[in-house]
Amino acid sequence: MLDIRYLRDNLEEAEARIKSRGEGYTLAGFRDLDDRKRKLLHANEALKAEKNRLSEEIAKVKDKSTVQQQIAEMRATSQIIKQQDEELKQLDEELRMFLLTVPNLPGSATPLGSSEADNVEVRRWGSAPALDFSPKPHWEVGEALRILDFETGAKLTGARFTLYRGAGARLERALINLMLDLHTEEHGYTEMLPPFMVNRESMTGTGQLPKFEEDLFKMEGLDYYLIPTAEVPVTNIHRDEILKGTDLPVRYAAYTPCFRKEAGSYGKDTRGLIRQHQFNKVELVAFCRPEESSAELERLLGNAEKVLQLLCIHYRVMALCSGDIGFSAAQTYDIEVWLPGQNTFREISSCSNFEDFQARRAAIRFRDGEKKPEFVHTINGSGLAVGRTVVAILENYQQADGSVIIPTVLRPYMGGMERITL
RNA sequence: GGAGAGAUGGCCGAGUCGGCCGAAGGCGCUCGCCUGCUAAGCGAGUAUACUGGGAAACCGGUAUCGAGGGUUCGAAUCCCUCUCUCUCCGCCA
């Protein structure tokens, strides 16, 4: 949510910055709505002040029969106030919904551009494995080793669900543990295990609602949603709270499964693990002071990169352009991992600075001493998407004989296993 | 699922027959004093949002005692609905 006072004072500038996202967002209608609301609010409050004043006077009078006239007047005034309250509530709700559907302003560090093609490569790490055979996509590798079973996943549930078997299941679990241990023991994050379903307020706090309801799985008959990312429950841990300035930055790491409808991606990435309705992810979330959020994003990005470095897998970091960043983000880096089986880089992590956009929606603030509370900045990113990391391992570490070497760092988590064979 | 109890400021906790209650008191915290250090003691201050005025310090208005509605000139206090927490019983991983 944008600062309503910023909008009042800088509507044209805000509109221009939002236009750089390319989508058809508009701030038209804001001025009129805001003016009407404030006008009514003033009238309403003046009337209430009068009511309060008179009620106090009536209270002081012992003999109520002498103030029957005033009581009758106040009865009428109360009716007017009630009507105004009703109108005000509607205007407030209208204004709130308007503000909740306006995306964040792209930050100054975000390159301008209209699509994915305008994203800027920041750096590359490592190099593609030298394979002296034609590498296979992970679904072929995984199926041949009988560690990924797409057919049974589909039988159990439907398309975009997968059953991991044996060493495959172990590999997924090993990665989760490796990532959590790394981030908690080396990078200073506190581990959290949140609920996998959240309510509407939490979804609104991080920006999934009200605009993106169609991407979410909702429980029937309940206002509970399956989380599309741990970002939602973990960020909302501090919803409606005022943190101590001295406690910042606050850093949390959480493993959760993630559930996404993937509406509108029919036909895309239909094979393999890349696009599932359910996938595992270790998420990093940070709350910090506004002036520290740029550095915190770089730090968090580095923490996520570290996973791939430990696994010795080639990747690149992309700075997303204004046309490609998400609704709530001001700035985003994607980490794209090299997939030799598909001869391409694929997103394995997305790290964003939301500045005060989520903090304002979720009312997450901090306070230094006796000063006024201020909104924190929130930063989060995948550290990493686990399923896609399995993909990367299967494709990068596949051997000519169809086996897959297990990266050295992972072996302690795999019971010492060095290679997955049939 | 059945029965009951409760929800007040950072925390604990008072609030009688509705008005002088943004709310006693305590703890905590901040500042000052005192003190050889620590502890104790003394004094003052200590919610948030919106809004009007002001360069600012600050001053005024409105709202908020779980949420929403009702009664009333007036509700933390009365009534209704919901949510959550706790206790007991049943069931259950």
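Each chain gets a letter, A, B and so on, in the order its sequence line appears, and its residues count up from 1.
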Please tabulate, one pair per line, each protein N/O and nucleotide N/O from nucleotides 68-70 of chain B that are separated by under 3.5 Å, including the distance.
{"residue": "B:G69", "atom": "OP1", "partner": "A:Lys89", "partner atom": "NZ", "Å": "2.9"}

Would the distance check show the side chain of [X] and the main-chain N or O of [Y] forming a donor-acceptor pair, the cut-off being under 3.5 Å?
X: A:Arg146; Y: A:Gly166; answer: no
X: A:His138; Y: A:Leu273; answer: yes
X: A:Glu231; Y: A:Ile227; answer: no

- Message: When the C1' atoms of B:C21 and B:U8 are compared, how many Å lie between them, rounded to an integer?
- Response: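 Comparing C1' positions in B:U8 and B:C21 gives a spacing of 11 Å.
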- Message: Taking only the P atom of each, what is the distance from B:U71 to B:C29 in whole angstrom?
- Response: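 About 47 Å, rounded to a whole number of Å.
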- Rounded interatomic separation in angstrom, taking NZ from A:Lys372 and P from B:C58: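 Whole-Å distance recorded here is 11 Å.
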Could you list the residues that satisfy side-chain contact (heavy atoms from CB on, under 4.5 Å) with [X], not counting sequence neighbours?
X: A:Ala174; result: A:Leu410, A:Tyr413, A:Met414
X: A:Arg96; result: A:Glu93, A:Leu100
X: A:Leu163; result: A:Asp149, A:Thr152, A:Arg165
X: A:Thr77; result: A:Leu47, A:Met74, A:Ile81

- Message: Let's see if you can work this out: which of B:C84, B:G74, B:A47 has an atom nearest to the side-chain heavy atoms of A:Arg367?
- Response: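 Side chain of A:Arg367 sits closest to B:A47.
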Would you be so kind as to tabulate the donor-acceptor pairs closer than 3.5 Å made by side chains of residues 8-17 of chain A, with sequence neighbours excluded?
{"residue": "A:Arg8", "atom": "NE", "partner": "A:Asp34", "partner atom": "OD1", "Å": "3.4"}
{"residue": "A:Arg8", "atom": "NE", "partner": "A:Asp34", "partner atom": "OD2", "Å": "2.6"}
{"residue": "A:Arg8", "atom": "NH2", "partner": "A:Asp34", "partner atom": "OD1", "Å": "3.0"}
{"residue": "A:Asn10", "atom": "ND2", "partner": "A:Tyr6", "partner atom": "O", "Å": "3.1"}
{"residue": "A:Glu13", "atom": "OE2", "partner": "A:Tyr6", "partner atom": "OH", "Å": "2.7"}
{"residue": "A:Glu15", "atom": "OE2", "partner": "A:Thr26", "partner atom": "OG1", "Å": "3.3"}
{"residue": "A:Glu15", "atom": "OE2", "partner": "A:Leu27", "partner atom": "N", "Å": "3.0"}
{"residue": "A:Arg17", "atom": "NH1", "partner": "A:Tyr6", "partner atom": "OH", "Å": "3.4"}
{"residue": "A:Arg17", "atom": "NH2", "partner": "A:Pro106", "partner atom": "O", "Å": "3.3"}

Between protein and nucleotides 15-24 of chain B, what N or O pairs are separated by less than 3.5 Å?
{"residue": "B:G19", "atom": "N2", "partner": "A:Ser55", "partner atom": "O", "Å": "3.1"}

- Message: Within the structure provided, determine whether A:Thr229 and A:Val232 are in side-chain contact (heavy-atom separation under 4.5 Å).
- Response: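 Counting from C-beta outward, A:Thr229 and A:Val232 do come under 4.5 Å.
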No-hydrogen, no-angle side-chain donor-acceptor test under 3.5 Å, [X] and [Y]:
X: A:Asn303; Y: A:Tyr189; answer: yes
X: A:Asn44; Y: A:Asp85; answer: yes
X: A:Asp334; Y: A:Ser350; answer: yes
X: A:Glu298; Y: A:Tyr333; answer: yes

- Message: Ring centroids only, cut at 6.0 angstrom: are A:Phe217 and A:His277 within range, meaning strictly under it?
- Response: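 Yes, the ring of A:Phe217 comes within the 6.0 Å limit of the ring of A:His277, centre to centre.
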- Item | Aromatic contact, A:Tyr252 with A:His183 (centres under 6.0 Å) |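 When the ring centroids of A:Tyr252 and A:His183 are compared, they turn out to be at least 6.0 Å apart.
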What's touching nucleotides 60-62 of chain B from the protein side, N or O pairs under 3.5 Å?
{"residue": "B:G61", "atom": "N2", "partner": "A:Glu45", "partner atom": "OE1", "Å": "3.1"}
{"residue": "B:G61", "atom": "N2", "partner": "A:Glu45", "partner atom": "OE2", "Å": "3.3"}
{"residue": "B:U62", "atom": "OP1", "partner": "A:Asn52", "partner atom": "ND2", "Å": "3.2"}

- Message: Looking at A:Ser78, I'd like to know whether one of its side-chain N or O atoms comes within less than 4.0 Å of OP1 or OP2 on B:U72.
- Response: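 So the side-chain polar atoms of A:Ser78 never come under 4.0 Å of the phosphate oxygens OP1 or OP2 of B:U72.
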- Using a 3.5 Å limit on both pairing distances, list the dot-bracket string of RNA chain B from the 5' end; Watson-Crick and G-U wobble pairs count, crossing pairs take [ ], interstrand pairs take |. ((((((((.[[[..)...(.....]]]((((((.......))))))(((((((....))))))).[[[[[..)....]]]]])))))))....
- Message: Restricting to non-hydrogen atoms, name the atom on A:Pro111 and the atom on A:Ala319 that form the minimum distance, rounded to 0.1 Å.
- Response: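 Answer, listing the atom of A:Pro111 first, then A:Ala319: CG-O, 4.0 Å.
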- Query: What is the nucleic acid contact for A:Arg8, judged by heavy atoms within less than 4.0 Å: base, sugar-phosphate only, or nothing?
  - Reply: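 The answer is sugar-phosphate, as A:Arg8 gets under 4.0 Å only of primed atoms, P, OP1 or OP2.
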- Task: Scan residues 28-41 of chain A against RNA chain B and write down, sorted by residue number, each residue with any heavy atom closer than 4.0 Å; if none is found, say none.
- Result: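 Nucleic-acid contacts, sorted: A:Arg38, A:Leu41.
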- Contact residues, residues 69-77 of chain A to RNA chain B [heavy atom, < 4.0 Å]: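 The stretch gives A:Ile71, A:Met74, A:Arg75 as the residues lying under 4.0 Å from the strand, ordered by number.
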- Item | Partners meeting side-chain hydrogen bond (donor to acceptor under 3.5 Å, both in side chains) with A:Gln398 (sequence neighbours left out) |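 Expected list: none.
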- Query: Given A:Gln358, which of A:Asn236, A:Asn104, A:Thr378 fulfils the side chain to side chain donor-acceptor pair (under 3.5 Å) condition?
  - Reply: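 Looking at A:Asn236, A:Asn104, A:Thr378, the match for A:Gln358 under the side chain to side chain donor-acceptor pair (under 3.5 Å) is A:Thr378.
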